Amino acid sequence: MVESSIIPDKTLIEASADMVAIASVVGREHGSAESIEDGRTVTRCKVYRNLTCDEHQQTSSIGLKFLNSGSFSVPTVIWCDTLGKEMFRRGGNYGSGAGADQIVRDLSRALDRIPGERRSRAEYETHVQPLDEGERAFTERRWNDAIKMLTSAKNGPLPALTKAADEKLSEIRKIGERLLLEAQAYLEIPEVESARERLKLLSEQFIALECGRKAAELLKSLDEAQSKKR
Amino acid sequence: MTRLAVLIASAAAAVCSAQESDETSKKSDLSHIVWARSWEAAVREAAARNVPIMVMIVSNTG
Ligand SMILES: [Zn+2]
């Protein structure tokens with residue numbers, strides 16, 4: 001019933017632009033089908049149409065966060081605030097055909113409880129992309145790419161994502177500043193090769209930051225001093 | 001083609017593909033509900049967009 005009458009309902013689909021939906025569902029008997037995404041043919045679930053059946057298996061246990069008794073009505077719809085905390089729920093009370101309408105009414109009740117400006121999914125997706133890429137580059141220690149993507153995310157329109165990007169950039173800045181301190185300490189000893197190794201990394205990978213530019217200057221004067229010696 | 005002609009052609013192609021992708025995204029917004037891939041992704045999106053999360057429990061959970 002959910003799969004045939006609620007999820008494909010046009011009014012609900014339209015209204016769903018103002019929410020984030022997540023499904024807790026086990027099973028794949030409903031089957032999958034080919035569809036076109038970005039001009040490519042891909043296999044997607046017939047019901048949860050942007051996901052593969054494997055992907056919705058991965059979210060299948062989310063219901064456990066909210067259900068503490070062994071039995072519950074199907075479907076149960078739980079409405080959460082922007083922190084993921086439950087506001088209210090409705091279980092089973094979705095008469096045939098009217099179910100989607102009830103969900104749309106519940107959505108507007110949920111929206112009433114969340115004041116403030118809404119942002120569109122399109123805006124979110126455009127903003128979250130450089131943030132995700134920046135975070136991936138950070139994990140893989142590709143500092144140049146991370147700085148570039150996170151700086152772009154920092155200038156995006158959504159404050160929550162801007163903040164996340166800014167925090168990650170601060171972490172990178174700290175890593176770079178520590179490398180620079182280490183390099184300067186090695187120069188004092190002097191253990192020039194260890195210093196040079198860090199300065200080189202900084203000037204190649206952190207050049208968009210103050211520490212990278214300082215490292216490039218130090219490296220240049222180090223090279224000049226050494227060529228004079230020769 | 002002259003360099004200018006190449007530039008104009010590629011600019012036109014860029015405008016064209018931007019329009020196409022705009023329309024595709026509008027269509028896909030309207031053709032089905034978009035489901036989140038993880039709880040963390042759902043909460044991050046809800047917070048950034050200031051919208052509620054709908055958890056639909058459809059079958060007995062694993
Ligand atoms: Zn499926």
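So you know, we letter chains A, B, ... as the sequences are listed, proteins then strands, and number each from 1. Everything quoted here is computed from the prediction, not taken from an experiment.
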Q. Quick one: what part of Lys163(A) sits under 4.5 Å from any heavy atom of chain B, side chain, backbone, both or neither?
A.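 When you check distances to chain B, no heavy atom of Lys163(A) falls under 4.5 Å.
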Q) Considering only heavy atoms, which portion of Ala160(A) lies under 4.5 Å from any heavy atom of chain B: side chain, backbone, both, or neither? A)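 Only the side chain of Ala160(A) comes within 4.5 Å of chain B.
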Return the option, out of [options], with the maximum number of heavy-atom pairs under 4.5 Å with chain B.
{"options": "Leu83(A), Leu161(A), Leu107(A), Leu51(A)", "value": "Leu51(A)"}
{"options": "Ala110(A), Ala164(A), Ala23(A)", "value": "Ala23(A)"}
{"options": "Glu86(A), Glu117(A), His56(A), Glu123(A)", "value": "Glu117(A)"}
{"options": "Gly27(A), Pro159(A), Gly116(A), Ser120(A)", "value": "Ser120(A)"}
{"options": "Leu158(A), Leu12(A), Thr162(A)", "value": "Leu158(A)"}

**Q.** Gap separating the CD1 atom of Ile13(A) from the CD1 atom of Ile6(A), nearest 0.5 angstrom
**A.**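 Answer rounded to 0.5 Å: 12.0 Å.
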Q. Rounded to the nearest 0.5 Å, how far does OG of Ser32(A) lie from CZ of Arg49(A)?
A.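 The distance works out to 12.5 Å.
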(Q) Can you confirm whether or not the ring centre of Trp39(B) sits under 6.0 Å from the ring centre of Phe66(A)? (A)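 Yes; Phe66(A) has its ring centre under 6.0 Å from that of Trp39(B).
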Q: Salt-bridge test for Arg44(B) and Asp132(A): reply yes if a basic N is under 4.0 Å from a carboxylate O, no otherwise.
A: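 Yes, Arg44(B) and Asp132(A) are salt-bridged.
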(Q) If the threshold is 4.0 Å, N to carboxylate O, is there a salt bridge linking Asp145(A) and Arg136(A)? (A)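 Judged by the 4.0 Å cut-off on N to carboxylate O distance, Asp145(A) and Arg136(A) do not form a salt bridge.
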Q.
Only pairs of heavy atoms separated by less than 4.5 Å count here; which of Ala48(B), Ala42(B), Ala47(B) has the most with chain A?
A.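 Looking at each option in turn, the highest pair count goes to Ala48(B).
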Q. Under a 4.5 Å heavy-atom cutoff, which of Arg49(B), Arg37(B), Met54(B) has the most pairs with chain A?
A.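 When all of Arg49(B), Arg37(B), Met54(B) are compared, Arg49(B) has the most.
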Q) Does NZ belonging to Lys168(A) count more than 12 external heavy atoms closer than 6.0 Å? A)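 Counting other residues, nucleotides and ligands, NZ of Lys168(A) exceeds 12 neighbours.
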Q) Minimum heavy-atom separation for Leu67(A) to Arg89(A), with atom names? A)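 Shortest heavy-atom separation between Leu67(A) and Arg89(A) comes out as CD2-NH1, 3.8 Å.
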